[in-house]
**Q** 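Below is one structure. I have some questions about it.
Any value given below was found using the heavy atoms of this structure, including those in side chains, with hydrogens, waters and symmetry copies removed.
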Amino acid sequence: MAVNPNEDTEFNDALRKYGIIPPKETAPPTPSPPSSPKLHDVLDDLTPEELRELGEEITNDDLDRDIDSYRRQRLAQERLQQKRARFGRVYPIGRDDYTREVTEASKINEEGDEEEKGTGVICFLYKDGILRSDRTFGHIQTLASRYPHSKFVSIVGNKCIADLPDSRIPMLIIYRKGEIRNQLVAWGADRERQPEELEALLILCGALDLPRGPLGERRAPDADDSEEEDDDTSSRMRSAATSTNARAPKNIRAQSKKDDSDSEFEFDM
């Protein structure tokens, strides 16, 4: 009698026990269905107008109240964000404006800022006709538009610091709470720099804040986002920050609170 080893019988079980036929193949586990998205994750992708339309279609009173409450929070946050977005462009200044537009401006807290962090101010010292300076100016203009909560100002280098040599152009001086947080000297002199590198460094030294979510929460870049390549700004910033930190550029100088004597130039604004 021929034995079908695939049959599920007691006789076959006995044969398997003594190794006469091979063990019964087990069926592969059924993959778990993907988890349902959370309500707020779905609502995050909707505009306030789409939230209003969704609320009109919902028949569940509790869910309708949740959606309406979320929509009101979004509208309130958008109004607050509009008030906080005070800048959005590069402001040209002169030497006489420096204290007011840079040092004092960096002490001003945003509306609703319970941490009283002040304002990030980036002062860009440039000279027309120097390729790396012209290229960086374009990057600065892009970042000013992208981060309207931070203030970007520009001034011709030797009109800000007397006898500033071209070899130190472009120069960025970063302020917050009335103090110099960092200096970038001759940015791009070693090699052509990408805007994401400058963006990452300005975030790391506290001049720029991480983007906010729909309800105003700070959102660190998600590691899973790295799969989206060219369209994923967050992953490019992470890559730029890692790459820049690994190279430890010599033209980046943090301000020392103990000793300011390392600077060759005086900031007597």
**Q** Are the side chain of K117 and the backbone of R176 linked by a donor-acceptor contact shorter than 3.5 Å?
**A** no
**Q** What I'd like to find out is whether the side chain of I169 reaches to under 4.5 Å of the side chain of N158, using heavy atoms alone.
**A** no
**Q** For the pair D134 (side chain) and L131 (backbone), establish whether a donor and an acceptor sit closer than 3.5 Å, ignoring hydrogens and angles.
**A** no
**Q** Report the distance from atom CZ of R132 to atom OH of Y126, rounding to the nearest 0.5 Å.
**A** 16.0 Å
**Q** Is any side-chain heavy atom of V121 closer than 4.5 Å to a side-chain heavy atom of F87?
**A** no
**Q** Test V156 against D128 for side-chain contact (heavy atoms from CB on, under 4.5 Å), laying out the working first.
**A** CA-CA 8 Å; V156 175; D128 290 333; over 6 Å; no
**Q** Is it the case that one hydrophobic cluster holds both I180 and I93, taking links as side-chain heavy atoms less than 4.5 Å apart, direct or via other members?
**A** yes
**Q** Kindly compute the distance separating CD1 (I203) from CD (E196), expressed to the nearest 0.5 Å.
**A** 11.0 Å
**Q** Is any side-chain heavy atom of T142 closer than 4.5 Å to a side-chain heavy atom of P195?
**A** no
**Q** Measure across N182 and C205 and return the closest heavy-atom pair with its distance rounded to 0.1 Å.
**A** ND2-CB, 3.8 Å
**Q** Between S167 and A186, which heavy-atom pair has the shortest distance, and what is it?
**A** O-CB, 3.2 Å
**Q** Taking all non-hydrogen atoms of both residues into account, name the closest pair between E197 and E192 and its distance.
**A** OE1-O, 4.4 Å
**Q** Give me the ring orientation class for Y98 and Y175: parallel if the planes are under 30° apart, tilted from 30 to 60°, perpendicular past 60°.
**A** perpendicular
**Q** Which pair of non-hydrogen atoms, one from E104 and one from R100, has the smallest distance, and what is that distance?
**A** CB-O, 3.7 Å
**Q** Check the hydrophobic clustering (I, L, V, M, F, W, Y; side-chain heavy atoms under 4.5 Å; chains of links allowed) and say if Y91 and I173 are grouped together.
**A** yes
**Q** Tell me, please, which residues at least two apart from S150 pass side-chain contact (heavy atoms from CB on, under 4.5 Å).
**A** I122, F152, L208
**Q** Under the side-chain contact (heavy atoms from CB on, under 4.5 Å) criterion, do D96 and E101 qualify, and how do the steps go?
**A** CA-CA 9 Å; D96 294 340; E101 298 293 340; over 6 Å; no
**Q** Side chains of I155 and F124: closer than 4.5 Å at any heavy-atom pair?
**A** no
**Q** Quick one: closest heavy-atom pair of S106 and E179, and the distance?
**A** OG-N, 4.4 Å
**Q** Return the CE to OG distance between M171 and S133, rounded to the nearest 0.5 Å.
**A** 13.0 Å
**Q** So do I130 and R135 actually touch side chain to side chain, heavy atoms under 4.5 Å?
**A** no
**Q** Identify the heavy atoms of H139 and R193 that sit nearest to each other, and give their distance.
**A** CE1-O, 3.3 Å
**Q** Looking at OG1 of T136 and CD of Q141, how far apart are the two atoms once the value is rounded to the nearest 0.5 Å?
**A** 11.0 Å
**Q** Should R168 and I161 count as side-chain neighbours, where that means a heavy-atom distance under 4.5 Å?
**A** no
**Q** Just verifying a value: how many Å separate T119 OG1 and N109 CG, rounded to the nearest 0.5 Å?
**A** 7.0 Å
**Q** Under a 4.5 Å side-chain heavy-atom rule over Ile, Leu, Val, Met, Phe, Trp and Tyr, are F137 and L184 clustered together?
**A** yes
